[in-house]
Amino acid sequence: MADTPSVGDAPGAEDDTDLGVLYGTLRGSVVGLRYYTGIVNNNEMVALQREPNNPYDKNAVKVNNVNGDQVGHIKKELAAALAGIMDNKLALVEGVVPYGAKNVFTMPVQMSFWGKEENKEAVLDQLKRHGFKLAPPLKGSECGFGSKWISGKAGPSYRAPFHAPVQLTPEQLISEFDKLFEDLKEDDKTREMEGAEALGTLLLPHQKQALAWMVSRENRNNLPPFWEERGGFYYNTLTNFAEKMRPQDVPGGILADDMGLGKTLTTIALILTNFQDGKPLPVGKITSERFRQESGTNSTSNVGRGLCEDSGKVMGPGASGIKKFDTTPLKTSSCLPKRGKAKKRRHSGSGSSGQPGERPLRQAGTASCVEEDTGFASVLFPSSACLKRQTKRKVTATAENNCSVDVPRATLIVCPLSVLSNWIDQFNQHVHRDFHVNIYVYYGSDRNKDPSVLAEQDVVLTTYSILATDYGIRDGSPLHKVRWLRIVLDEGHTIRNPGAQQTRAALSLEGRRRWVLTGTPIQNSVKDLWSLISFLKLKPFSDQEWWRRTIQRPVVLGAPGGLGRLQCLIRSITLRRTKTSKVKGKPVLELPERKVLIQHVTLTEEERRIYESVKKEGKAAVSRFLSEGTVLAHYADVLGVLLRLRQLCCHPRLCIDTASGLSADNKTPEELRETLVSKMKLVLSSGSDEECAVCLESLTCPVITRCAHVFCKPCIFEVIRGEQPKAKCPLCRNELRAEDLVQCPQEEETDPSDGKKSDQEWTPSSKINALMHALIELQRDDPTAKCLVVSQFTAFLSLIENPLKESGIAFTRLDGSMAQKKRAEAVQCFQSSRAGSPTVMLLSLKAGGVGLNLTAASRVFLMDPAWNPAAEEQCFDRCHRLGQNRGVVITKFIVKDSVEENMLRIQNKKRELAAGAFATTKPSAKEVKQTKINEIKALIDV
DNA sequence: ACCGCCGGGTGCC
DNA sequence: ACCGCCGGGTGCC
């Protein structure tokens with residue numbers, strides 16, 4: 001079964017083929033040049049933009065150059081023809097100005113019309129009504145790609161090999177993509193650099209390379225790709241745009257190393273090492289004496305301005321905004337020795353304590369000249385502009401150089417909630433103990449929304465959801481009022497959907513140095529890259545039109561040089577190493593061996609009896625759906641059958657509720673609602689790793705449609721809003737109405753009740769026996785060995801607690817329902833090497849994110865197979881990663897003659913498929929459906 | 001001349 | 001715009 005029920009045509013996920021076909025071209029004229037400042041070169045691309053509110057002509061169409069400066073208008077007769085086409089989105093109309101650089105009043109424009117095949121007639125008709133007729137595409141040049149791209153004289157920054165002008169086959173396209181990251185031999189990517197003194201951890205060679213690369217990208221000022229200097233002008237070879245001002249390369253980029261290579265550590269190194277001009281962040285060096293003094297007083301001149309909680313004591317009022325995180329492992333976990341490293345600061349409000357101007361420890365290293373950005377805009381801090389100026393004077397006065405420019409100090413790190421605590425842990429681990437880094441965790445309902453507080457931190461950590469939530473607030477988001485020194489998006493592919501609020505929020509953050517960390521640089525298509533490129537503010541791609549015309553379309557249409565461009569672009573801004581990459585001939589990571597064993601489990605007669613009876617019933621139902629051809633309509637029911645079988649393989653107790661009546665449709669609204677809720681719960685609890693087909697992320701705030709498909713609430717509302725008045729389900733095209741959506745009732749805490757139940761009448765199962773047998777043997781052979789016991793069913797984990805208690809095995813637990821604080825505690829506890837620390841962690845398969853570090857474990861017991869082999873792999877990697885120094889043995893328990901064995905077979909098939917992964921075109925809806933049906937058949941032995 | 005022609009004023013949408 | 005268009009001035013040869 002697929003990870004997701006999604007099929008091809010979800011809105012917002014329309015793939016690259018939706019760029020359309022070329023209807024034809026038309027020559028027109030641009031008028032009114034003398035009234036506007038926008039200038040164009042010969043053969044320069046221009047954008048056509050509707051201007052419906054123009055007081056003289058509601059059909060008006062503006063013509064803008066690549067920079068967005070208006071050049072003129074389309075002549076009114078032509079505009080009258082274009083207006084309808086553009087307003088109804090029947091075609092994309094793109095212009096190139098063949099000549100006219102010197103024209104004063106009017107100039108010609110060559111237009112290309114692109115759209116869906118089915119709209120072609122309408123477009124031709126509309127043009128005809130106004131007396132226009134499209135001509136075939138011009139040979140060779142233009143037709144929307146820019147004139148020079150075949151000629152190959154596009155300049156030194158763009159040295160794509162000349163390709164024969166044929167469209168690449170999908171296979172060729174795939175292999176071309178594989179080459180995107182191949183070339184790592186460039187000098188600037190192999191130079192190494194040591195971290196600053198404040199970094200307490202030695203970097204591995206490949207991390208030193210990454211640091212050197214990142215620092216050099218932040219400090220130097222090369223021209224961005226596809227720009228060159230020509231006669232005092234800077235010239236863009238893709239669009240033929242030129243301007244006097246030197247375009248800036250991103251002082252940042254994409255760090256796309258495989259997970260486990262230390263992106264987090266490298267980023268921390270960057271923060272500490274490169275404040276400005278290659279100088280380290282002026283963090284206070286604290287002698288232990290002074291350190292003690294500071295923590296003991298509330299003196300206003302301390303770095304923490306009396307707000308530090310160095311002693312680990314939970315601080316007073318007004319700071320509950322970060323309460324959640326005050327008790328992160330460092331501070332509260334009793335399993336932990338206290339370490340004086342990164343300190344989180346609390347603030348009791350803006351400037352209410354201490355003089356904002358006083359930052360004695362910082363001043364030592366502050367200043368020398370900087371980026372041409374000017375200082376704090378008082379606009380940004382209307383209420384404290386005055387204080388800010390004071391600050392500025394003071395800093396200036398003590399600056400080493402006579403530079404009066406304020407440098408933003410704070411680095412903003414945005415990450416998924418699941419890795420937030422990992423960042424904190426990593427700062428704790430890697431900041432040298434003699435240094436003091438201020439970290440503010442901007443999270444929680446009463447987070448401090450004073451931008452000036454954020455601005456004076458060294459690091460502000462927040463999540464994508466907070467970023468997106470704040471973005472919508474009335475007075476504006478504090479995160480968006482700060483000019484950051486640096487912005488880091490962790491798991492940056494989170495923003496691949498351009499429509500998502502969090503993407504828009506991320507794109508509008510202010511700060512020059514911009515970094516994207518991701519282990520999955522290109523997941524599905526070229527299109528997914530746009531948000532990332534746009535975030536990086538790489539001229540001119542931040543505007544989707546230029547991205548589409550110069551990169552996306554040429555690549556997708558297999559136009560000559562298209563891939564070369566993409567490669568050039570990606571290479572110039574990305575560093576990517578895989579686990580198998582080599583540094584100086586040695587593998588980047590030398591991980592200990594990893595073995596996966598499959599241990600078969602035989603059910604007892606009683607268990608088998610129950611299993612077979614449930615299977616018989618389920619098989620009958622599924623066979624009926626199959627013969628009626630309604631399997632997919634009953635998707636949730638089928639999942640339910642499979643779920644029950646999988647649960648029975650673990651423990652009969654897991655499937656007691658059931659009876660999700662295989663439904664008839666004549667129900668009262670209330671009944672319908674209940675059915676939908678129970679179906680949704682099935683989908684969510686089935687561990688089938690469902691994703692929202694709109695945003696392609698895992699479901700946040702799930703809602704179910706009347707047609708029983710599950711999406712994120714914000715996503716589906718966006719669809720409804722966008723498709724008014726008649727929205728359709730992105731998955732099945734059934735009618736979709738906001739009022740029919742059913743939300744998942746507040747997550748009931750299922751665990752406690754499970755636990756209680758099990759106290760009374762707990763019995764083992766074959767699988768539990770197999771596990772315990774293995775655990776006890778392991779404890780006998782190697783008492784210090786720690787292991788992960790992993791299941792998709794938290795109720796199963798609860799059951800397993802019983803025999804663990806009985807056998808006196810110390811364990812801890814980590815599952816998705818736990819609060820951030822609890823999780824962090826569990827991890828710290830488990831990772832501790834103290835005698836008596838837990839040797840077993842009960843782990844739900846999907847708990848935690850990629851950052852979760854459980855290297856204390858060298859054994860993994862996977863209690864039940866996952867649908868998605870990648871989910872299992874990710875889970876294994878939590879202990880088989882950097883920092884693991886033992887061999888890792890993984891044991892998968894698989895019940896003989898059961899759905900689990902069938903799942904293994906399907907997993908293998910999926911692995912084969914994933915090996916040839918990079919899908920340039922999504923499989924058709926039909927193919928997806930057939931695959932699903934086949935999988936269902938295979939799983940249930942029909 | 002209810003025309004033609006001339007030449008100045010003027011000019012996007 | 002070294003155009004077109006507008007509208008006022010003008011009017012045999």
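The sequence lines fix the lettering, A, B, ..., with proteins before strands; numbering per chain opens at 1.
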Checklist entry - Of all residues at least two apart in sequence or in a different chain, which pass the side-chain contact (heavy atoms from CB on, under 4.5 Å) check with A:S465? => result A:T463
Item to check | Euclidean distance, A:F241 CZ relative to A:N41 CG, rounded to 0.5 Å | outcome: 8.5 Å
Item to check | Gap in Å between the two P atoms, one belonging to B:dC13 and one to B:dG9, rounded | outcome: 23 Å
Checklist entry - In the structure shown, which nucleotide is the Watson-Crick or G-U wobble counterpart of C:dC3, with both distances under 3.5 Å? => result B:dG11
Checklist entry - For A:F105, what residues pass the side-chain contact (heavy atoms from CB on, under 4.5 Å) criterion, not counting sequence neighbours? => result A:R34
Checklist entry - Expressed as a whole number of Å, how far does the C1' atom of B:dG8 sit from that of B:dC12? => result 22 Å
Which atom pairs link the protein and nucleotides 9-13 of chain B when you take only N or O atoms and keep those under 3.5 Å?
unit_1: B:dC12; atom_1: OP2; unit_2: A:Y35; atom_2: OH; d: 2.4
unit_1: B:dC12; atom_1: O2; unit_2: A:H73; atom_2: ND1; d: 2.8
unit_1: B:dC12; atom_1: N3; unit_2: A:Y36; atom_2: OH; d: 2.9
unit_1: B:dC13; atom_1: OP1; unit_2: A:K76; atom_2: N; d: 3.1
unit_1: B:dC13; atom_1: OP2; unit_2: A:K76; atom_2: NZ; d: 3.4
unit_1: B:dC13; atom_1: O3'; unit_2: A:D57; atom_2: OD2; d: 2.5
unit_1: B:dC13; atom_1: O2; unit_2: A:N54; atom_2: ND2; d: 3.0

Next on the checklist: Distance check, P atoms only: C:dG11 and C:dC6, in whole angstrom units.
Outcome noted: 24 Å
Checklist entry - Quick one: side-chain contact (heavy atoms from CB on, under 4.5 Å) partners of A:T469, sequence neighbours excluded? => result none
Item to check | Any pair counted as side chain to side chain donor-acceptor pair (under 3.5 Å), so long as it reaches residues 117-126 of chain A, sequence neighbours left out | outcome: A:Q126-A:R129
Item to check | All pairs passing salt bridge (Lys or Arg N to Asp or Glu O under 4.0 Å) where residues 234-251 of chain A contributes a residue, at least two apart | outcome: A:R217-A:D249, A:R220-A:D249, A:E243-A:K539
